[in-house]
Structure formats: C-alpha cells, structure tokens
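Below is one structure, written out as structure tokens; the observations come after it.
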Amino acid sequence: MSLTEAAAERVREIMADSDKPVTGVRVGVKNAGCAGMAYTMTYVAEPVPGDDHVADRGVNVYIEPKATLFLLGTVMDFEETLLTSGFTFKNPNQTGSCGCGESVHLKAADLKSLSEARASA
C-alpha cells in the first residue's frame, strides 16, 4: 500500500490537529453494503501488534492482518471536489462497486502473479 502526496498531507494535517497523540492511520476492510466490503480507516495512537506497517511520505500506515491480501498494491489518495472530500482507494484487487459508492467487491491479491511481476522487473 502506498499514499499519494495529497493523502499523506491530509493525514499529517489531521495528526497535527488531533488533541490526542496520533502516530498514523490503520486501514482495513469490513463486510458492508450491497457489494460486500467497505474500507475502514482509524487513527492510531499506538500500533496494534500483528498489523503490517508501511511508512510512506512521512506517514505511518498500519494494515489490519485480515485486510492485507485485499489491499496489496492499493494507492490511498485524498480528493476534494465542490461537493465532497475524502480518502479514496485505487485498488487493483477491486472488481466492482455498488452504485451508491458505499461498498466495493474485493478479491484477494494473487501472490503468485505479484511474485512473478517482481521477479521480471
């Protein structure tokens, strides 16, 4: 998992404005909506043992163990439009989404394909 500069900047802003110590964000997935799953994100004061850790652009991202295979290769972004603002996920493991945008359909990453792609790079 990686972050765009916009996502990293927004996380840094939120961390700086927090009245509690925050060391990063924790990203996961949960069963939800008509497509099956939704992304989750919480702020982390202390890392949870067993979480995967990614440090990108000066931001710590912790990934729930049950979400790791669903989030491999994902890029977290922060987007602002005239009507909305929020974090978005560009996920190569996402195979669909519901019409309202509240949930997504995810498949686990194919580790064999990832290993082969890294070996040929």
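For D77, the salt bridge (charged side-chain N to carboxylate O under 4.0 Å, His left out) partners are K90, not counting sequence neighbours. With sequence neighbours left out, the side chain to side chain contact (heavy atoms under 4.5 Å, CB included) criterion links E46 to no other residue. In this structure T81 satisfies the side-chain hydrogen bond (donor to acceptor under 3.5 Å, both in side chains) test together with T84, sequence neighbours excluded. Taking S18 as the reference, K20, V22 meet the side chain to side chain contact (heavy atoms under 4.5 Å, CB included) condition, with sequence neighbours excluded. Taking the salt bridge (charged side-chain N to carboxylate O under 4.0 Å, His left out) definition, one finds that R57 meets it with E5, sequence neighbours left out. With sequence neighbours excluded, the residues satisfying side chain to side chain contact (heavy atoms under 4.5 Å, CB included) with M1 are V27, V61, I63, T74, M76, F89.
Under the 4.5 Å side-chain contact rule for hydrophobic residues, V54 and V25 share a cluster.
Residues G50 and P65 share a closest heavy-atom pair of O-CG, 3.3 Å. Here the closest non-hydrogen pair linking A67 and G28 is CB-CA, 3.7 Å. Shortest non-hydrogen contact noted between F78 and S85 is CZ-CB, 4.0 Å.
Using a 4.5 Å heavy-atom threshold, the side chains of F87 and R10 count as touching.
Sorted by first and then second residue, the side-chain hydrogen bond (donor to acceptor under 3.5 Å, both in side chains) pairs involving residues 60-72 (not counting sequence neighbours) are D52-T68, H53-N60.
From Y39, atom OH reaches atom CG of L71 across 6.5 Å, with rounding to the nearest 0.5 Å. Here the CZ atom belonging to R12 is positioned 9.0 Å from the CG atom belonging to L3, to the nearest 0.5 angstrom.
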